[in-house]
There are 2 protein chains.
Amino acid sequence: MGTGTRKVTLQTVADAVGVSRMTVSNAFSRPDQLSEELRVRILDAAERLGYVGPDPAARGLARGSVGAVGLLTASLRHTFSDEISTRFLGAIARELAPTGLALTLLPTAEPADAAPAWDVAVDGGIVYSCPPGSRSIERLRRRGVPLVHVDQPPDDDALAVNVDDRAGARAAAQHLLDFGHRRIGIVTVGLGDRAGVEARPPAELVATTAAHAPRQRLLGWLDALDAAGVRPVVARQPDNYVDTHLGARALLDASDPAASVDSVSGPASATGAVPGPRPTAVLCFSDAIAEGTLREARARGLRVPQDLSVVGFDDNGLAGWTDPPLTTVRQDVDAKGRAAVGALLDAIAARRVRAPGSPPVRPDGPPRRVVLPTQLVARGSTGPAPHA
Amino acid sequence: MGTGTRKVTLQTVADAVGVSRMTVSNAFSRPDQLSEELRVRILDAAERLGYVGPDPAARGLARGSVGAVGLLTASLRHTFSDEISTRFLGAIARELAPTGLALTLLPTAEPADAAPAWDVAVDGGIVYSCPPGSRSIERLRRRGVPLVHVDQPPDDDALAVNVDDRAGARAAAQHLLDFGHRRIGIVTVGLGDRAGVEARPPAELVATTAAHAPRQRLLGWLDALDAAGVRPVVARQPDNYVDTHLGARALLDASDPAASVDSVSGPASATGAVPGPRPTAVLCFSDAIAEGTLREARARGLRVPQDLSVVGFDDNGLAGWTDPPLTTVRQDVDAKGRAAVGALLDAIAARRVRAPGSPPVRPDGPPRRVVLPTQLVARGSTGPAPHA
DNA sequence: TGCTTGCCCTGTACCGGTACAGTAGCGGTT
DNA sequence: AACCGCTACTGTACCGGTACAGGGCAAGCA
């Protein structure tokens, strides 16, 4: 108990038992490398001396792997607010659990860049809804850490897991068209932080939308609408997880029942979105926004789906419980997590056999790229277009 | 490009530039230790050679800190399903972001104990709703890693952040009593995985409930109910995040309108919960369960609050949006996260000045222990007891 | 008896950095 | 000229482990 209590290390235990340091190491990390009897003796001595086990940092350095995978995501605030992101995280955690790997949430922000190049050791990384080219990602890539990109625009040869957002959105829009809707609104994100209605033409909106999912969904909606000659009214929904009705409010505010402009008249009016008759249906970026739209509709005395059809996206846990239950596009978030973790574990394993610090290129076969399907789930929030 | 491409390290760069290894290290980690001109030269050379920066594992070992804090939680599946846990995680992440520290989700499960003592390096840990005495926690504690316990039963001298669940629950129960309710149901978790009504006396239920929050809330409810001589009917809600109505269903199934037993008759009937008249009010462990209870009530044609009052707990994001809006007990999850991270950062800082591997005991002052208040939020889901 | 085999254990050589205590040079006092 | 205090860089000594290639020794086998 003197002041000179040096840190207890493998050596301390080795000396106490009278074996080599290596044997103590094996007692903890490779039980099959020594006799059971000696192992027990060592473990007892360790317990007695207060040795808790190999220091993870040192082990990580020596082994070249640390037992953790990183999650790179733009904003964690964001990630924990959105139900789909959260469920995705949960799926990852669930997949990782049996492997014993930890999940490290890496800060991508790098607030003051002056800060020391903070960097945490990981054996692999999942890049999720993260602006491509971020410095953290680049660093990991160059270091040869296996990365899996999820819901990201296709990068050069990188493992990727994506959802067929575009096809899902297309199906959603087609669903409305099949019901006879011709005046269709869109409420989506990624176009700015202030709610409002877009005057810009759709093509420009696509170009403006940087984030992957919003862009793909917009593309999908437009695929179907363009083919039908329908030009939608697009409203901006702020990236805000409580006021999910603001986009719908802007959309419905913009419609002037007195106006006679027919939005079916095609892409003629170059002025963009002008006040027109109220849409009879709304395509929403997410179920959360769709739910806000339902609230907004109710607040205005609009019946859903008689007066207004509403389509969501994701099929989150609430979609089936709203009133009316939400027609939406389902994505399998669990499958996404499974695929991501699976691919990552494969890549980590492959790296281990090949070379400890080998080049980041993958000479063998094409990079594994998964695209998960989406599926339209028709519920009660959509119905035939009302007679004009 | 030859096969002999050795790993690029500090030394590689040092040799290329013609300086000592230490100087290269400083160029990355302590820019003020060398002239700007040389630093630029070194950084350029590093870039050219493909050196990405100090290896985090090695740096962690040498520095004694890795730039990450751990989150120890019983089941991550659990943690990501519950909105309150999720928001707590978000709050932690938000607090951590400006510090540049990563958040590592440590697996507490240790499935096959035979697995190598998986252990990831962290500078500190937050223990959240985790069975006390878990091996991972114990290991970190003995290693001298600062830990903050959140929503955990008070441990021996450990930093702790708690919420005054008991007072909140007491207030909730008192609120019902003030409305004249005497037949009160409780739907809570932690009593088993099958929905049903408890026959055991309340005292035993308290003893059975191991998890901290469920126990404290139960204690709080009973504080008020006991004082009023009311004996509640307790229903078990499985720890299940989709079928949140099962507890309420069991509770309401158990009530037989024909029976004449009056639960106000005090703790006389030693047989425990017998079919009695339907409760006029329900105390729920969480808002999620309260929401399920609202659904169940509606499905049975019970009006809330005219026929049945419902109280939740937590004041989650949905509580204000249900129909009717939920009376609940608010806890400030953000404050909880802030307090936890604050205490942890203090402890980490304190450890650094004291000694790198000093004893885990804290000789100075009493351990910092925070208890955050709760607050009853009365909304529309509670009202006067109906006339019998 | 001699040779192989396999089990246990040990010695050496790293893993890739950082802390800390110098040392050299240099402009400026006294 | 001796002394001082700076700034800029260097050398050494770790940080606490693990991989891998032996080496001693008893059992198995011809």
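Lettering of chains follows the sequences in order, A, B, ..., and the numbering in each one begins at 1.
Per the geometry, CG belonging to B/Leu38 stands 17 Å off P belonging to D/dT7, to the nearest Å. Rounding to whole angstrom units, CZ of residue A/Arg143 and P of C/dG17 are separated by 8 Å. Atoms CG (A/Leu10) and P (C/dC9) sit 16 Å apart, rounded to a whole Å. One interatomic measurement links the two molecules: CZ of B/Phe28 to P of C/dG16, which rounds to 15 Å at whole-angstrom precision. Spacing between atom CD of B/Gln33 and atom C1' of C/dA21 amounts to 13 Å, rounded to whole angstrom units. To the nearest angstrom, P of D/dA8 lies 14 Å from CZ of B/Arg41. For B/Glu37 and D/dA8, the CD to P distance is 11 Å, given to the nearest whole Å.
For B/Ser20, whose side chain is taken as the heavy atoms from C-beta onward, the closest listed nucleotide among C/dC9, C/dG16, D/dG11 is D/dG11. The side chain of B/Arg59 has C/dG17 as its nearest neighbour among C/dG17, C/dC9, D/dG17. For A/Asp55, whose side chain is taken as the heavy atoms from C-beta onward, the closest listed nucleotide among D/dG16, C/dC9, C/dG16 is D/dG16. Nearest to the side-chain atoms of B/Val19 among the listed nucleotides C/dC9, C/dG17, D/dT10 stands D/dT10.
Residue order along DNA chain D, read from the 5' end via each residue's closest nucleotide, puts B/Gly18 first among B/Ala58 and B/Gly18. Mapping B/Leu61 and B/Glu36 onto DNA chain D by nearest heavy atom places B/Glu36 closer to the 5' end of the strand. Comparing A/Arg21 and A/Leu34, the nucleotide of DNA chain C nearest to each residue sits closer to the 5' end for A/Leu34.
The nearest pair of heavy atoms linking B/Val24 to B/Leu10 is CG1-CD2, 3.3 Å.
Within the structure, side chain to side chain donor-acceptor pair (under 3.5 Å) contacts touching residues 336-347 of chain B (residues at least two apart or in different chains) are B/Asp151-B/Lys336, B/Gln331-B/Lys336, B/Asp346-B/Arg368.
Within the model, atoms OH of A/Tyr128 and NE2 of A/His212 stand 11.5 Å from one another, a figure rounded to the nearest 0.5 Å. Interatomic distance, A/Arg351 CZ to A/Asp123 CG, rounded to the nearest 0.5 Å: 7.5 Å.
The shortest distance between the side-chain N/O atoms of B/Ser35 and the OP1/OP2 oxygens of D/dC9 is below 4.0 Å. Contact annotation: B/Lys7 side-chain N/O to C/dG16 OP1/OP2 distance is under 4.0 Å.
B/Thr23 comes within contact range of at least one nucleobase, with a heavy-atom separation under 4.0 Å.
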Just the table, please: protein N/O against nucleotides 19-26 of chain D N/O, every pair under 3.5 Å.
from   : atom 1 : to      : atom 2 : distance (Å)
D/dA19 : OP2    : A/Arg30 : NH1    : 2.5

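Checking A/Leu345, A/Val341, A/Val161, A/Val370 one by one against A/Val148, the side chain to side chain contact (heavy atoms under 4.5 Å, CB included) holds for a single residue, A/Val161.
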Return all side-chain donor-acceptor pairs below 3.5 angstrom for residues 48-56 of chain A, not counting sequence neighbours, or 'none' if the list is empty.
from    : atom 1 : to      : atom 2 : distance (Å)
A/Tyr51 : OH     : A/Gly53 : O      : 3.3
A/Asp55 : OD1    : A/Ala57 : N      : 2.8
A/Asp55 : OD1    : A/Ala58 : N      : 3.0

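Side chains of A/Ser85 and A/Thr79: no donor on one and acceptor on the other come within 3.5 Å.
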